[in-house]
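These numbers come from a predicted model, not from an experiment. In what follows, chains carry the letters A, B, and so on, assigned in the order in which the sequence lines appear, proteins first and then strands, with residues in each chain numbered from 1.
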There are 2 protein chains.
Amino acid sequence: MDSEKVLEAFGANLRRIRETRKISQEKLGEIANIDRTYVSSAERGKRNVSLINIIKFANALEVNPSALLDFQWEEMDEIPRYHKTKI
Amino acid sequence: MDSEKVLEAFGANLRRIRETRKISQEKLGEIANIDRTYVSSAERGKRNVSLINIIKFANALEVNPSALLDFQWEEMDEIPRYHKTKI
DNA sequence: TTGTGACTTACAGTCCGTT
DNA sequence: CAACGGACTGTAAGTCACA
C-alpha cells in the first residue's frame with residue numbers, strides 16, 4: 001500500500017467522476033464549498049483529503065462516497081488483504 | 001449532511017468491524033501502525049480521519065475502504081443527493 | 001482494555017495571484 | 001479552464017500521562 005498512489009487513485013476517481021458530470025473544478029468547488037485550488041491539487045493526488053471533504057465531494061458529485069474509494073489496487077505495490085478474505 | 005454525525009457514523013463502522021474481528025483497539029493500532037488512543041478517539045467520532053488513515057484502517061481490518069463509509073444516511077439531517085440519482 | 005485532555009508538529013485547506 | 005506558487009490560518013496527526 002503506497003500512500004502516494006492512494007492519493008493519486010483518489011484524485012483520478014474524483015476527476016473522472018467530475019468530468020462525467022461535465023462541470024469545471026471551479027463549479028465543483030462552488031457546489032462542495034471547497035476552494036477551487038484545493039479541488040485541483042486533490043485531483044492531482046497532492047492532498048490527503050479528510051473524511052468530511054470526501055463526503056462533501058461525493059455529495060457535490062451526487063455519488064456514493066465509496067465511488068471515490070474504488071481503487072485499482074493492482075497498480076499498488078502491495079495488494080490489500082481484503083482481496084484475499086471476506087468479512 | 002451533518003459533519004459531526006458523519007464522523008460518528010464512521011467511528012461506529014470502525015468499531016463494529018473491529019469487534020467482528022475480535023481484536024482490541026490496541027491490536028488494531030498495532031496492525032495499522034496507528035496509536036491506540038487515536039483508534040479510540042476515531043471510534044468515538046472525535047477525529048476527522050484522512051484518506052491515508054482510512055485506508056490503513058481498512059487494510060488492517062481486511063475490508064474494502066468503502067465498508068467504513070457505508071453510512072446510514074437516514075439519521076443525517078440532510079439526505080445526500082446520490083440517493084436520488086445514479087451515475 | 002478503553003477513554004480522555006492536553007499538547008506540538010505537520011499539513012489540510014484558503015486566498016491571492018500568474019502562466 | 002486548469003496548473004501552479006506563495007503566504008497564510010486552521011486543524012488533523014500523533015503522542016502522553018492518567019483515569
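One atom, NZ of K56(A), and another, P of dT11(D), lie 11 Å apart when rounded to the nearest Å. Taking atom CG of D35(A) as the reference point, atom P of dG17(C) lies 13 Å away to the nearest angstrom. Between the CD1 atom of I52(B) and the P atom of dT11(D) there is a distance of 21 Å, rounded to whole Å. Taking atom CG on N53(B) and atom C1' on dT11(D), their separation rounds to 14 Å, with Å as the unit. Following rounding to the nearest Å, Q25(A) (CD) and dG13(C) (P) show an atom-to-atom distance of 16 Å. Atom pair R44(B):CZ and dT1(C):P shows a separation of 17 Å (rounding to whole Å applied). Distance CG (L14(B)) to C1' (dG3(C)): 15 Å, rounded to an integer number of Å. Atom pair R21(A):CZ and dC1(D):P shows a separation of 18 Å (rounding to whole Å applied).
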Quick one: side chains of residues 48-55 of chain A, donor-acceptor pairs under 3.5 Å with protein atoms, not counting sequence neighbours, listed by atom name and distance.
residue: N48(A); atom: OD1; partner: S50(B); partner atom: OG; Å: 3.3
residue: N48(A); atom: OD1; partner: L51(B); partner atom: N; Å: 3.3
residue: N48(A); atom: OD1; partner: I52(B); partner atom: N; Å: 3.0
residue: N48(A); atom: ND2; partner: S50(B); partner atom: OG; Å: 2.8
residue: S50(A); atom: OG; partner: N48(B); partner atom: ND2; Å: 3.0

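Once rounded to the nearest 0.5 Å, the distance linking CG of L69(A) with CZ of F10(A) reads 6.5 Å.
I34(A) comes within contact range of the sugar-phosphate backbone alone, with a heavy-atom separation under 4.0 Å but no base atom that close. The residue S24(A) sits close only to the backbone: its heavy atoms come under 4.0 Å of sugar-phosphate atoms, none of a base. Residue T37(B) is in base contact, counting any heavy-atom pair closer than 4.0 Å across all strands shown.
Between V49(B) and E26(A), the one whose closest nucleotide on DNA chain D sits nearer the 5' end is E26(A). Comparing R36(B) and N48(B) along DNA chain D, the residue whose closest nucleotide (by nearest heavy atom) sits nearer the 5' end is N48(B).
Side-chain nitrogen and oxygen atoms of R15(B) include none within less than 4.0 Å of the OP1 or OP2 phosphate oxygen of dT1(C).
Put simply, the side chain of R36(B) reaches to within 4.5 Å of the side chain of E26(B), judged on heavy atoms. Contact annotation: the side chain of L61(A) never approaches that of T20(A) to less than 4.5 Å [non-hydrogen atoms, C-beta and beyond].
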List every contact pair, protein side and nucleotides 7-10 of chain D side both N or O, where the distance is under 3.5 Å.
none

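Comparing dC4(D), dA13(D), dG3(C) against the side chain of S50(B) picks out dA13(D) as the nearest. Distances from the side chain of Y38(B) to the nucleotides dA2(D), dA12(C), dA13(D) place dA13(D) closest.
Taking A67(A) as the reference, I17(A), V63(A) meet the side-chain contact (heavy atoms from CB on, under 4.5 Å) condition, with sequence neighbours excluded. By the side-chain contact (heavy atoms from CB on, under 4.5 Å) test, S66(B) pairs with S66(A), N64(B), sequence neighbours left out. In terms of the salt bridge (charged side-chain N to carboxylate O under 4.0 Å, His left out) criterion, residue partners of K27(A) (sequence neighbours excluded) are, by chain and number, E30(A).
A side-chain donor from one of S40(A) and R44(A) sits under 3.5 Å from a side-chain acceptor of the other.
For CD of E4(A), the number of neighbouring non-hydrogen atoms (other residues, nucleotides, ligands) closer than 6.0 Å is 12 at most.
Terminal axes of the helix from dT2(C)-dA19(D) to dT19(C)-dA2(D) (five pairs each, C1' rotation axis) are separated by 50°, to the nearest 10°.
Nearest heavy-atom pair across A42(B) and R47(B) is N-CG, 3.9 Å.
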